[in-house]
Amino acid sequence: MSTFTPSRVLVVDDEEIDRFIASHVISQHWQDCRLLFANDGLEALALLEENAASLPDLILLDINMPRMNGHTFLNTWNKERESDGPAVVMLTSSDQEEDRDRVAHFPCVKGYLVKPVSPEALAAITIE
């Protein structure tokens, strides 16, 4: 098992404070990582389409967001994407088993973290 060090991370979250915390922790843990941000699933899909030639290595995805939530994003992204692409780690305030179960069947989902993100949680992310 090798250490995962992404060069680009997309943080998808509608809460400014959660984006700030994620930005701070990611910048400390993965110092050379470029960060991208989206406020919801629709914005994330548009950003991914615009950056199709250089997709992020990792998407940190909230579940509860307006316009397009994390579940709908995953359904849409899973239909549109190639077999290879960014890994997704859920970063959400929901610790509900139902939410965990709903995302577990997506091959791109590699983890489930409950906010706030910590350096230890980032260090535990493994992508094969």
Q. Are any side-chain N or O atoms of Arg19 and backbone N or O atoms of Phe37, one a donor and one an acceptor, separated by less than 3.5 Å?
A. no

Q) Can you tell me how far the NE2 atom of His29 sits from the CD atom of Glu120, to the nearest 0.5 Å? A) 9.0 Å

Q. Does the side chain of Val9 come within less than 4.5 Å of Pro56's, by heavy atoms?
A. no

Review item, side-chain donor-acceptor pairs of residues 95-105, under 3.5 Å, at least two apart:
unit_1: Asp99; atom_1: OD1; unit_2: His71; atom_2: NE2; d: 2.9
unit_1: Asp99; atom_1: OD2; unit_2: Ser94; atom_2: OG; d: 2.4
unit_1: His105; atom_1: ND1; unit_2: Arg102; atom_2: O; d: 3.1

Q. At their closest point, which heavy atom of Gly41 faces which heavy atom of Phe73, and how far apart are they?
A. O-CD1, 3.7 Å

Q | Interatomic spacing from CE in Met68 to CG in Asn75 - rounded to 0.5 Å | A | 9.0 Å

(Q) Within the structure provided, determine whether Asp14 and Pro66 are in side-chain contact (heavy-atom separation under 4.5 Å). (A) yes

Q: Report yes if some heavy atom in the side chain of Asn78 is under 4.5 Å from a heavy atom in the side chain of Pro107; otherwise report no.
A: yes

Q: For Arg67, enumerate each residue passing the salt bridge (Lys or Arg N to Asp or Glu O under 4.0 Å) test, keeping only those at least two apart in sequence or located in another chain.
A: Asp40

Q: Using the side chain to side chain contact (heavy atoms under 4.5 Å, CB included) rule, pick out the option among Ile63, Leu61, Val88 that qualifies with Tyr112.
A: Ile63

Q: Classify the side-chain pair Asn69/Thr72 by whether it contains a donor and acceptor separated by less than 3.5 Å.
A: yes

Q: For residues Ile26 and Leu60, determine if any side-chain heavy atom of one lies less than 4.5 Å from a side-chain heavy atom of the other.
A: yes

(Q) Show the nearest heavy-atom pair for residues Val114 and Ser93, with the distance to one decimal. (A) CG1-O, 4.2 Å

Q) Which distance, rounded to the nearest 0.5 Å, do you find between the SG of Cys33 and the CZ of Arg8? A) 9.0 Å

Q. Is there a side-chain contact between Leu58 and Val89, using heavy atoms and a 4.5 Å cut-off?
A. yes

**Q.** Heavy-atom donor-acceptor pair, Asp13 side chain to Asp62 backbone, under 3.5 Å
**A.** no

Q. Would a 4.5 Å heavy-atom cut-off, applied to side chains only, mark Leu36 and Val11 as touching?
A. no

Q. Could you state the interatomic distance from CD (Glu43) to CG (Leu48), rounded to the nearest 0.5 Å?
A. 11.0 Å

Q | Side-chain donor or acceptor of Asp57 paired with backbone N/O of Ser7 under 3.5 Å | A | yes

Q) Is it true that a side-chain atom of Glu49 and a backbone atom of Leu45 form a donor plus acceptor pair closer than 3.5 Å? A) no

Q: Can you measure from CD (Glu16) to OG (Ser23) and round to the nearest 0.5 angstrom?
A: 11.0 Å

**Q.** All salt bridge (Lys or Arg N to Asp or Glu O under 4.0 Å) counterparts of Asp18, not counting sequence neighbours
**A.** Lys115

Q) At their closest point, which heavy atom of Val117 faces which heavy atom of Val25, and how far apart are they? A) O-CG2, 3.7 Å

Q: Report yes if the side chains of Met65 and Val12 come closer than 4.5 Å at any heavy-atom pair, otherwise no.
A: yes

Q.
Any non-hydrogen side-chain atom of Leu74 less than 4.5 Å from a side-chain atom of Cys108?
A. yes

